[in-house]
Structure formats: C-alpha cells, structure tokens
Chemist: 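Before I ask anything, here is the structure I am working with.
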Amino acid sequence: MSMNKNKVSFNALLAFAVLEADFQDQQISPSLRKMAQIPVTDQFTAGINQLIKKHRRGEKLSIYRRRCRRTIICISLLLSLVTCVFAPVKAVQDAVVSTVIEWNEKFSSIVFLSNDLSFSFPDEIKINYIPDGFSLSQLIDSENQYSAVYQNGPDRYCTIEIVGIEGSEITSWDNEHSSYDRITFDGREALWLTHETGNGTILLWTESNCLFQIITTETLDEALKIARNISW
Amino acid sequence: MLMFYLSLLDTPEEKDKFEHIYSNYRGLMLYTAYHKLGDYQLAEDVVHDVCLKLIDHIESVRMDSPQKLRAFLVRITTNQAVDYWRVTNKHEIPRAPEDISSPNNVSEMNPDDAVIEFSQASRMIQLIRNLDETYRAPLSLKIYGYSISEIASFLGISESNVKVRIHRGRQKILSLLSNEGSTHEHE
C-alpha cells in the first residue's frame, strides 16, 4: 500500500497516536450512562456537596468582585472625563511648567518649559516691598517683560525680573563658584543660587506661566520678603 | 470608550463548569480510579481529590470537545490514582510486559528531527496505551493543548518536571520505534 511508505514527522504521528490511543481506550470502556450508575457512599456525596457549596460561594464572591471592579472603573472614567473636559483647564495648565537644569562646564542653563501658549502677561506689576535705602534706578515694563533695578549706593543692588514663558525660557548662571538649592516658600518651588563668597542671592521661580528672578546683594530673607510682596 | 471598557468587563459569567463535569463524568472518574486501584473507598478518595484540583483550576479546563474532555478527565484521574497507589503501597504499579519506561530504552535521536513511516501509527498507538502514566498524562495533556503550567497544576508536579516527563516519554517511544528500524533522522 503506497500509504504505508509515506513518512511523517515523529511529532505529527505522536499527536495522532495519542488522540487515537485515548479514543481506543474510550471505546473499550463502558458507556458514560452505565458508568454513572456506579453507586457512591453517602460520605462521598456529602464531601462533593461540600465542595460544590464552597465552589458556589467562590463564584458568588468573584461575581461580586467583578461588579465592584466595574463600578470603580466607571466612576474613574466619569471622574477623568469631568476633570479633563469640564473642569477649568487653567489649573491644569499652571502645573505644566517644568524646569530642566543643564550642567555645562562653567555655567548652568536653567530651562523653563511650558505647554501653555495662550497665557497673557500681567498688565500691571507692583513691587510692594523693597529694603530700606534702595531706590528705583531703572525700569522696563513691556508686553512680555518687567525689569526693575533698585540701588543703594554703588555696591548694593536689587534686580527684579519677570518674563513670560512662551514655550521655553533659558537663563544661565555660573556653576563654578555658586551653589544651587531647591527651596519652597508660600507653596512655591524656587531655586536659590548663592555665590561661594556669601555675597549675592539669586532667587528663581515660576508662577502663572511667568519666570520670576530676584538678583540682589542682600540676604535670602530679604529676597524672599521681596518675592512675597510682588503683586499683579 | 466607556462602552469599550464595559465590554471588556462584561465577559459572560463562567458557566458552572464544575457542576457540569461532575454530573456527567462522575461515573467515568470513579470507574477509572477503581479500574486502577480495585478499591471503591480509595476510588472515591481519588475522585474527591480530582474534584478539588478541578475546582482550583476550573478556568483552565477546556470544554470544547466532549471526547477530549473525557480523555483529559481519564488522564488526571489515572494520574491521581497512581499517586494514591504509590503512597499506600510504597512501590510502583506493576508495569505491562511491554513497558517502555526502562532507563535502557533511551533514544539518542532527537524526536523533533525524526521522521517515521505512517505504517508505524498502529504500533505507536499500542506503545502509548502501554506507556507508564508518569509519561502518558503530561504527553496527552500537552497534545490536548494545555500549557506546561496548567499541566503542572493538574498533575501536582513542578513545571520542569512536566517538561522532563514529556521529553522522556517522547524519547522512549521514539527509541522503541527506532529499534524496530522504521525511523530516520531528517537529512
């Protein structure tokens, strides 16, 4: 017979043979109906009933868990829908400004990035506190920038600069002789730069999509006091 | 989007597979266990343990074909009965005269590369029917599409042990067939 000369892979024939062996075993065993008549003891029936009850309890529990999970997902979806579509987007956009510090050989570039291109620069900015003895020597107040320089004699100064962040804003500072610290004041995250000589304080932070910089010969306390008293 | 998530979650409730299996195949499992052990009390204990395993892994049980389901139940019941026998009698079940589980019968050929004459099919079926349950159960379950981890759960052995048993079972069948001179390596 030509069929007998055909060669097949061992694995293919094995799969066929396993199925066929099981089928042949089934053929010689009694029918399911006949086997179902095998008597069982009460103890066995009780044990199995116990198992079935336990299994049903487990099933009920899993249905309950599934329903809970479905409810939680629906609530989460609705909440995220409300947050993303209906809640005021301004609050979300305020949190979008991110800060990146690039360390170079002798200076650091601090990059402020913002996704909010629709912001408007404050119309009027007021500096409500300046240390005693300082007077305004220079003021630039344009559409997207505010810069005020206060001086007290030839060596003491206090510069306040506010710039709107349109996409990104980069400011570079010495890193060879300065140290950088992250501080928080009135809930605002700020960068505090100090020179190794101890003279000079630079305070940088972002708020309402604007970059604020205070550069002064005075102490950090004074710089913070100025920062807290800027209004717009 | 909401509907998409809901459709994912709203899978149809698992039909009560276990109760279906128990009511239709209880007799089969008892018959199989009794056939192996020759003791009704022990056979009931075996079926009870098989039911426990089925409940624990009910989601893995394939219900697509009654014939395969029946073969699957026979295999795990026989395997459980053999384990009972070993525990209670502290020795191996006597093997069929043509037992191929002897360590000497190990082929050097790789089953993945071997080709075989189709006429050897009936011989191979006979060998499988005489194969020690240690090897037959994992081999059959693998061919029925169960994964190694599922087989390990049903047989109560480790995954590596399942792999070893499948490999050895195949090699032993191949070894016996190649001794009869009908098997060749792929060119």
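Residue numbers start from 1 in every chain, and the chains themselves are labelled A, B, ... in the order their sequence lines are given, proteins ahead of strands. All heavy atoms count here, side chains included; hydrogens, waters and symmetry mates do not.
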Chemist: With a 4.5 Å cut-off on heavy-atom pairs, point out which of A/G47, A/A12, A/P39 contacts chain B the most.
Modeler: A/G47

Chemist: What part of B/N24 gets closer than 4.5 Å to chain A, counting heavy atoms only: side chain, backbone, both or neither?
Modeler: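 Only the backbone of B/N24 comes within 4.5 Å of chain A.
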
Chemist: In terms of heavy-atom proximity below 4.5 Å to chain A, should B/Y22 be classed as side chain, backbone, both, or neither?
Modeler: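 It is the side chain, since no backbone atom gets that close.
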
Chemist: For A/D186, look at atom CG and say whether over 12 heavy atoms of other residues, nucleotides or ligands are found less than 6.0 Å away.
Modeler: yes

Chemist: May I ask you to name which of A/S29, A/A15, A/A17 has the most heavy-atom pairs under 4.5 Å with chain B?
Modeler: A/A17

Chemist: Less than 4.0 Å between a side-chain N and a carboxylate O, is that true for A/D22 and B/R75?
Modeler: yes

Chemist: Under the ring-ring contact (aromatic ring centres under 6.0 Å, His included) test, which residues partner A/F185, sequence neighbours left out?
Modeler: A/W205

Chemist: Please determine whether a side-chain nitrogen of the Lys or Arg among B/R70 and A/D25 lies less than 4.0 Å from a carboxylate oxygen of the Asp or Glu.
Modeler: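 Looking at A/D25 together with B/R70, the answer is no, because their closest N to O distance does not fall below 4.0 Å.
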
Chemist: Heavy-atom count around A/Q145 CD within 6.0 Å, excluding the residue itself: above 12?
Modeler: yes

Chemist: Give a yes or no on whether A/Q27 atom CD has more than 12 heavy-atom contacts from other residues, nucleotides or ligands under 6.0 Å away.
Modeler: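 For A/Q27, atom CD is crowded (more than 12 foreign heavy atoms under 6.0 Å).
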
Chemist: B/I128 and A/L14: which non-hydrogen atoms are nearest, and at how many Å?
Modeler: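 Nearest heavy atoms, B/I128 then A/L14: CD1-CD1, 3.9 Å.
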
Chemist: Counting heavy atoms not belonging to A/N128, are there more than 12 under 6.0 Å from its CG?
Modeler: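 It does: A/N128 CG has more than 12 such atoms within range.
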
Chemist: Can you pull out the residues in residues 30-38 of chain A with any heavy atom less than 4.5 Å from chain B?
Modeler: A/P30, A/L32, A/M35, A/A36, A/I38

Chemist: Quick check: closest heavy atoms across B/R170 and A/F10, and the distance to 0.1 Å?
Modeler: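 Looking at all heavy atoms of both residues, the shortest contact is O-CZ, 3.4 Å.
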
Chemist: Does the A/Q26 side chain pair with the main chain of B/Q67, one donor and one acceptor, at a distance under 3.5 Å?
Modeler: yes

Chemist: Please step through side-chain contact (heavy atoms from CB on, under 4.5 Å) for the pair A/F44 and B/V47, ending with a clear verdict.
Modeler: CA-CA 9 Å; A/F44 174 76; B/V47 174; 3.7 Å; yes

Chemist: Minimum heavy-atom separation for A/V40 to B/E44, with atom names?
Modeler: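 Of all heavy-atom pairs spanning A/V40 and B/E44, the closest is CA-OE2, 3.3 Å.
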
Chemist: Take B/Y40 and A/T41 through the test side-chain contact (heavy atoms from CB on, under 4.5 Å) and record every step on the way to the result.
Modeler: CA-CA 9 Å; B/Y40 273 115; A/T41 60; over 6 Å; no

Chemist: Output the distance between atom OG (B/S122) and atom CD (A/Q24), rounded to the nearest 0.5 Å.
Modeler: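 It is 9.0 Å, given to the nearest 0.5 Å.
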
Chemist: Counting only N and O atoms by type, is there a donor-acceptor contact under 3.5 Å from the side chain of B/E19 to the main-chain atoms of A/I52?
Modeler: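 Flag not set: sc B/E19 to bb A/I52 has no pair under 3.5 Å.
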
Chemist: Tell me, with the steps shown, if B/R26 and A/I48 meet side-chain contact (heavy atoms from CB on, under 4.5 Å).
Modeler: CA-CA 10 Å; B/R26 181 198 67 191; A/I48 293 291; over 6 Å; no

Chemist: Over all heavy atoms of both residues, which pair between B/I125 and A/A21 is shortest? Give the atoms and the distance, please.
Modeler: CG2-CA, 3.8 Å

